[in-house]
Amino acid sequence: MSEYLPGLAGVPATKSNISDIDGEKGILFYRGYPIEELAQHSSFEETTLLLLDGRLPTEQELQNFHQQLVANRTIKFHTRGMMKNLPPTGHPMEMLQTVVASLSMFYPGSECLTDDDACNDLNYIHNTTVKIIARIACIVAMWEHIRNGYDPVAPRDDLSYAENFLYMFTGKEPDPMLARIMDVCLILHAEHTINASTFAVLVNASTLANPYGVVAAAIGALSGPLHGGANQKVLQMLEEIGTPDKAEEYVDKRLANKEVIWGMGHREYSTKDPRATILQGLMDQFMEARGGDINPLFEVAKAVEVVCEDRLAKKGVYANVDFYSGLLYAEMGIPADQFTTIFAIARSAGWLAHWREQLADNRIFRPTQVYIGEPQRKYVTINKR
Ligand code: COA
């Protein structure tokens, strides 16, 4: 009998060409490209094509992809109607899972996945991927208005993916610096090997389920507090601390109580998460550009990180991607309960790259188990129990 490893920790569940992590050196690659280079030079659209196709696109390919995304920004009247009927108090991740799952009824066609050559039907796979990635950001932005009792803001054709998302979300012309920061945040969250939500994609994809259901399953997995959502907790923590001079006392008290410091530590990295380093750099640039006109919580975050490095570095615990992202989102006018939906928007690129990779070499997932229940026994009729 094979050994049971809880959470499949360390068990390879697939082979993949998409991304790789060197947790000791703190390196993350998408298709062989270090995340730092992509964050510096690429856009979310280009990074998405890289993840999907395995290579950087030509200028024409990128332009075509941008146009395809723009052409798919319109949300059907019935979907909008459905959103208006959802409870405004529901969590945005619950809304997103519901609405993305419902898209399969508006865009049928996944039957082609059962054709012999379905895995080669790159047209269906690509067009569906575009439909989902283009719409997921619009749905999140629309929800912000719908849940507050307003009509959603219509998309714009002249804006990039990140700019259009911010425009539809806030209803304001996006600040160029914040739009670029959002673009980088989307790049940084687009892919991260086989985490829980990506594994959900593989399992669902392997049954040839419709891709909207596949992504909805991943959204469900991401919604759990052990996966997405730590950046919301970071913001609450920083608000609770209030001022930089209280950071040391707060951290020490939590550590003495055996409580975690939110936004610190990562199963895969024993050094600082490279995405946190990039976000910290962006935050510094942003602070410099804004001069004194800045959310005081930025200084609190810096103070917390200094104390944590002193107390936790010996355990290999450093800031992770969630430590600075929430602060930056808050600065863009995004409420904390929408942070995980932004994670889902970005990760839809990685999820769909894995969906495609799974289809290209598919075998249904059917792991085994270690049975620890009763041995065979005899049924007792109800009057004799
Ligand atoms: N704050 C304080 N201590 C932490 C810590 C944190 N955020 N993360 C890990 N540690 C400590 C553990 O208490 C443990 O200490 P011990 O050896 O004295 O018992 C040691 O570091 C090893 O941690 P472990 O729990 O084995 O790490 P893990 O790989 O199982 O957990 C996380 C990884 C992400 C679940 C964990 O670091 C965590 O809960 N972080 C906070 C939540 C968060 O930011 N999540 C987002 C991840 S992107």
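Every heavy atom of this structure was used, including side-chain atoms; hydrogens, water molecules and symmetry mates were not. Just so you know, ligand 1 is whichever comes first in the structure, and atom 1 is the first atom listed for that ligand.
Checked for salt-bridge contact, R55 and E61 meet the test: a charged N lies under 4.0 Å from a carboxylate O. Taking a cutoff of 4.0 Å between a charged side-chain nitrogen and a carboxylate oxygen, D273 and R275 qualify as a salt bridge. Between R356 and D53 there is a salt bridge, with a side-chain nitrogen of the basic residue lying less than 4.0 Å from a carboxylate oxygen of the acidic one.
Among residues two or more places apart in sequence or in another chain, the side chain to side chain contact (heavy atoms under 4.5 Å, CB included) test is passed with Q40 by none.
Sorted by first and then second residue, the side-chain hydrogen bond (donor to acceptor under 3.5 Å, both in side chains) pairs with a member in residues 228-242 read N231-S325; sequence neighbours excluded.
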Filter the ligand 1-protein atom pairs down to N or O on both sides and distance under 3.5 Å, then list them.
{"from": "ligand 1", "atom 1": "1 (N)", "to": "I261", "atom 2": "N", "distance (Å)": "2.9"}
{"from": "ligand 1", "atom 1": "7 (N)", "to": "I261", "atom 2": "O", "distance (Å)": "2.8"}
{"from": "ligand 1", "atom 1": "7 (N)", "to": "M264", "atom 2": "O", "distance (Å)": "2.7"}
{"from": "ligand 1", "atom 1": "15 (O)", "to": "K315", "atom 2": "NZ", "distance (Å)": "3.3"}
{"from": "ligand 1", "atom 1": "18 (O)", "to": "K315", "atom 2": "NZ", "distance (Å)": "2.8"}
{"from": "ligand 1", "atom 1": "29 (O)", "to": "R267", "atom 2": "NE", "distance (Å)": "3.0"}
{"from": "ligand 1", "atom 1": "30 (O)", "to": "R267", "atom 2": "NE", "distance (Å)": "3.4"}
{"from": "ligand 1", "atom 1": "30 (O)", "to": "R267", "atom 2": "NH2", "distance (Å)": "3.0"}
{"from": "ligand 1", "atom 1": "37 (O)", "to": "M264", "atom 2": "O", "distance (Å)": "3.4"}
{"from": "ligand 1", "atom 1": "40 (N)", "to": "M264", "atom 2": "O", "distance (Å)": "2.8"}
{"from": "ligand 1", "atom 1": "44 (O)", "to": "G263", "atom 2": "N", "distance (Å)": "2.8"}
{"from": "ligand 1", "atom 1": "44 (O)", "to": "N320", "atom 2": "ND2", "distance (Å)": "3.0"}

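Chaining together hydrophobic side chains whose heavy atoms lie under 4.5 Å apart places I27 alongside F29.
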